[in-house]
Participant: 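I have a structure I would like to understand better, so I am pasting it below and will then ask my questions one at a time.
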Amino acid sequence: MHKIYNLVAELCSYVISSCTEDFFVKYSCISRSEKERIYSLVNSRVGGLLSADNEVLQLSQKSLTEDFLASLLAFADDIKKEGDYFAVVGLAQLLDDALETVLRVQTAEFQKDDFSVVLNTNREATGIGLLPRCSCIWERKRRLSHYYNRMDNFLFNLLLMENSILGELIDKHFFLSQSFFPHFAEKHFLKIAATPLRREAHFTVSMYDESKVQYFKIDYQGFDYEKDNDLIWNKILEAGKKDSDIIVFPEMLGNPAMEEYIIQKIHALSSSAQKTIPSLIILPSFWKNNRNMVTILDNHGSVVCRQGKQNPFRVEQNGNGYLEGINSSLVVNIFHYEGIGRMAILICKDFLTTKYMEQLMRCFKLTLIIVPSYSTGSYDFRQSSDLCAHDDCNVVWINTCAAMEKGKEANFENIGYVRKRISRSDDEAQRLSKMPTCAGAFTGKCAHDCLFYEVIKGV
């Protein structure tokens with residue numbers, strides 16, 4: 001099937017590099033006569049793509065004969081040479097429709113792999129990457145069509161990723177099996193647990209100079225790892241009792257022993273008990289060797305992946321600026337799941353860095369962003385989550401009371417938000433679910449019992 005995927009990539013690349021936004025605006029209102037002209041061209045040049053009634057026929061490996069491919073490639077070359085942009089987009093759309101069944105099979109194959117690579121082999125040459133596009137129960141069918149004038153408005157079975165949007169970032173894709181979230185098939189919603197974990201910040205911050213710049217780094221030595229890890233484990237168990245699919249912890253509250261401790265705890269459970277804890281566990285991030293890293297586990301104790309923070313945070317102390325001394329890995333992990341769409345984890349400043357956040361939103365058409373943070377404020381996170389609203393992307397943000405500073409208590413009215421897409425008939429108040437900070441946090445007293453739940457469902 002590579003030849004077909006490569007052709008779609010070539011067609012898309014040709015239009016993107018040749019046409020202005022105005023073309024996409026006009027094509028979105030293509031006339032009936034023009035559509036009939038394109039169908040007539042296809043019927044005269046390529047047999048086996050349309051029926052006698054102009055219904056799109058599903059392609060298969062068996063139908064991709066040498067004659068079919070030769071006719072298809074020759075037709076594509078001719079309409080490109082003629083600059084027939086309407087026909088080029090029309091052919092790409094027809095192929096997108098014709099690949100629906102094949103892509104469903106391909107998605108099932110990807111679900112068996114540790115991670116997946118793009119379908120086409122000409123990504124470097126075309127600047128286009130293609131993957132099966134998982135559906136999302138809260139995403140509008142015509143998503144993006146009213147806000148962006150782009151080629152991907154016209155593809156529904158293929159996820160089109162433009163290298164020009166992705167830039168220097170490196171994308172890694174994980175197609176989660178349908179059994180990964182066992183409650184989703186029955187209930188058609190995703191239940192997420194989020195916890196600020198604790199009031200205490202069990203790490204030290206050190207300042208240093210390097211290459212004319214002032215930095216800060218994090219050190220976890222000298223604190224009680226076991227007690228902290230036991231608290232994390234109990235939160236996981238508690239979230240499991242509430243049938244949570246995902247649990248997310250804040251930034252920075254990990255430690256050197258955490259990952260192995262939690263993995264061993266999961267491995268000690270019976271297989272039936274493992275099924276009772278959240279399917280996706282997003283551990284507190286841990287700062288080590290100039291990396292701020294989140295480990296993502298499944299409920300069998302396997303590491304799904306590790307997501308690094310890409311954009312350093314800047315703090316001020318006594319009028320001087322200090323930059324978080326992290327090295328970016330540039331790797332972005334995208335989780336695909338049929339019915340949920342595409343999920344990504346953006347650690348704190350990554351979500352507030354608008355250009356970076358929009359790169360991921362627009363390249364991968366994200367439907368869910370999870371944001372673990374360690375921040376002295378909540379306003380900017382709420383504002384950034386609103387930017388995701390018109391793209392049908394829900395956001396879960398969780399902060400920690402450990403970040404609270406004297407004089408900034410007013411910023412901690414809420415310790416987390418969930419920004420959801422709702423239907424027109426729903427109460428507006430349902431758009432933003434708030435996680436209120438407990439009274440004890442403001443007096444330095446922490447009962448370590450905060451755990452919030454939110455359900456995200458279809459619209």
Side-chain angles (χ1 to χ4, degrees), residues 1-13 16 49 56-64 89 91-124 126-145 150-163 165-166 170-181 184-185 188 190 280 304-305 332-344 360-368 391-393 458:
M1 302 296 295
H2 287 310
K3 290 184 178 180
I4 292 291
Y5 300 135
N6 286 353
L7 175 59
V8 175
E10 289 169 8
L11 294 171
C12 293
S13 179
I16 290 168
L49 195 55
V56 177
L57 301 173
Q58 289 299 297
L59 294 175
S60 66
Q61 191 67 53
K62 186 177 180 180
S63 65
L64 299 182
V89 177
L91 178 58
Q93 281 186 294
L94 288 173
L95 292 173
D96 176 74
D97 286 344
L99 289 166
E100 180 180 0
T101 301
V102 169
L103 290 169
R104 205 175 297 131
V105 174
Q106 184 62 67
T107 298
E109 290 298 315
F110 278 167
Q111 290 170 354
K112 300 174 185 177
D113 301 330
D114 291 334
F115 66 92
S116 304
V117 296
V118 294
L119 297 166
N120 56 307
T121 59
N122 59 353
R123 184 175 189 178
E124 185 175 348
T126 61
I128 298 293
L130 298 174
L131 282 171
R133 181 170 176 171
C134 290
S135 68
C136 176
I137 58 176
W138 57 80
E139 183 181 38
R140 288 165 294 176
K141 185 177 181 182
R142 298 286 172 180
R143 178 189 176 181
L144 303 179
S145 62
R150 298 190 342 213
M151 182 66 197
D152 58 10
N153 288 353
F154 310 109
L155 304 181
F156 298 97
N157 299 304
L158 284 163
L159 177 68
L160 186 155
M161 301 173 292
E162 297 180 42
N163 289 357
I165 297 175
L166 188 61
I170 303 164
D171 52 324
K172 195 171 181 180
H173 299 272
F174 300 84
F175 281 76
L176 306 178
S177 69
Q178 288 309 109
S179 61
F180 194 90
F181 296 119
F184 185 83
H188 299 288
L190 192 68
L280 202 64
V304 180
C305 65
V332 180
N333 299 291
I334 307 297
F335 304 95
H336 303 249
Y337 186 88
E338 185 62 35
I340 295 173
R342 291 151 299 283
M343 301 177 280
L360 303 192
M361 287 281 295
R362 295 187 180 185
C363 193
F364 306 115
K365 290 78 187 173
L366 297 179
T367 51
L368 177 61
D391 281 342
D392 299 345
C393 183

Participant: What is the distance from atom CZ of R362 to atom CZ of R150, rounded to the nearest 0.5 Å?
Facilitator: 6.5 Å
Participant: Do N157 and D97 make a side-chain contact, defined as non-hydrogen atoms from C-beta onward lying under 4.5 Å apart?
Facilitator: yes
Participant: Using the benzene-type ring in the case of Trp, are the ring centres of Y337 and F181 under 6.0 Å apart?
Facilitator: yes
Participant: Of the non-hydrogen atoms in A9 and N122, which two are nearest, and what is the gap between them?
Facilitator: CB-OD1, 3.6 Å
Participant: Under 3.5 Å, side chain of S177 to main-chain N/O of Q111, donor-acceptor pair present?
Facilitator: no
Participant: I need the minimum non-hydrogen distance between C305 and F335, along with the two atoms involved.
Facilitator: SG-CZ, 3.4 Å
Participant: Classify the ring geometry between H173 and H336 as parallel (under 30°), tilted (30 to 60°) or perpendicular (over 60°).
Facilitator: tilted
Participant: Would you check if I128 and V118 make a side-chain contact, meaning some heavy-atom pair closer than 4.5 Å?
Facilitator: no
Participant: Roughly how far apart are I4 CD1 and N120 CG, rounded to 0.5 Å?
Facilitator: 12.5 Å
Participant: Report yes if the side chains of L159 and C134 come closer than 4.5 Å at any heavy-atom pair, otherwise no.
Facilitator: no
Participant: Measure across F174 and V304 and return the closest heavy-atom pair with its distance rounded to 0.1 Å.
Facilitator: CE2-O, 3.4 Å
Participant: Give the intermediate values and the outcome of side chain to side chain contact (heavy atoms under 4.5 Å, CB included) for residues M161 and L166.
Facilitator: CA-CA 8 Å; M161 301 173 292; L166 188 61; over 6 Å; no
Participant: Please give me the minimum heavy-atom distance between I16 and M151, naming the atom from each residue.
Facilitator: CG1-CB, 3.9 Å
Participant: CD/Q61 to CG/L64 distance, rounded to the nearest 0.5 angstrom?
Facilitator: 5.5 Å
Participant: Salt-bridge test for D96 and R133: reply yes if a basic N is under 4.0 Å from a carboxylate O, no otherwise.
Facilitator: no
Participant: Please evaluate residues I340 and L176 with respect to the criterion side chain to side chain contact (heavy atoms under 4.5 Å, CB included), reporting the C-alpha separation (whole Å), side-chain torsions for both, the decisive distance (0.1 Å), and the verdict.
Facilitator: CA-CA 10 Å; I340 295 173; L176 306 178; over 6 Å; no
Participant: Looking at side-chain heavy atoms only, is the closest gap between L190 and L368 below 4.5 Å?
Facilitator: yes
Participant: State the CD-CZ distance between Q93 and F156, to the nearest 0.5 angstrom.
Facilitator: 7.5 Å
Participant: Looking at S116 and F175, what are the two nearest heavy atoms and their distance?
Facilitator: OG-CD1, 3.6 Å
Participant: To the nearest 0.5 Å, tell me how far L119 CG sits from H2 NE2.
Facilitator: 8.5 Å
Participant: Counting N and O atoms only, with roles assigned by atom type, does the side chain of D171 sit under 3.5 Å from a partner on the main chain of I334, one being a donor and the other an acceptor?
Facilitator: no
Participant: Could you state the interatomic distance from CG (L160) to SG (C363), rounded to the nearest 0.5 Å?
Facilitator: 8.5 Å
Participant: Quick check: closest heavy atoms across T126 and S13, and the distance to 0.1 Å?
Facilitator: O-OG, 2.8 Å
Participant: Could you check if a side-chain atom of C12 sits within less than 4.5 angstrom of a side-chain atom of L158, using non-hydrogen atoms only?
Facilitator: no
Participant: Okay, side chain of T367, backbone of R342: is any donor-acceptor separation there less than 3.5 Å?
Facilitator: yes
Participant: Is the closest side-chain heavy-atom distance between I137 and F184 below 4.5 Å?
Facilitator: yes
Participant: A side-chain contact here means heavy atoms from C-beta on lying under 4.5 Å apart; do T121 and Y5 qualify?
Facilitator: no
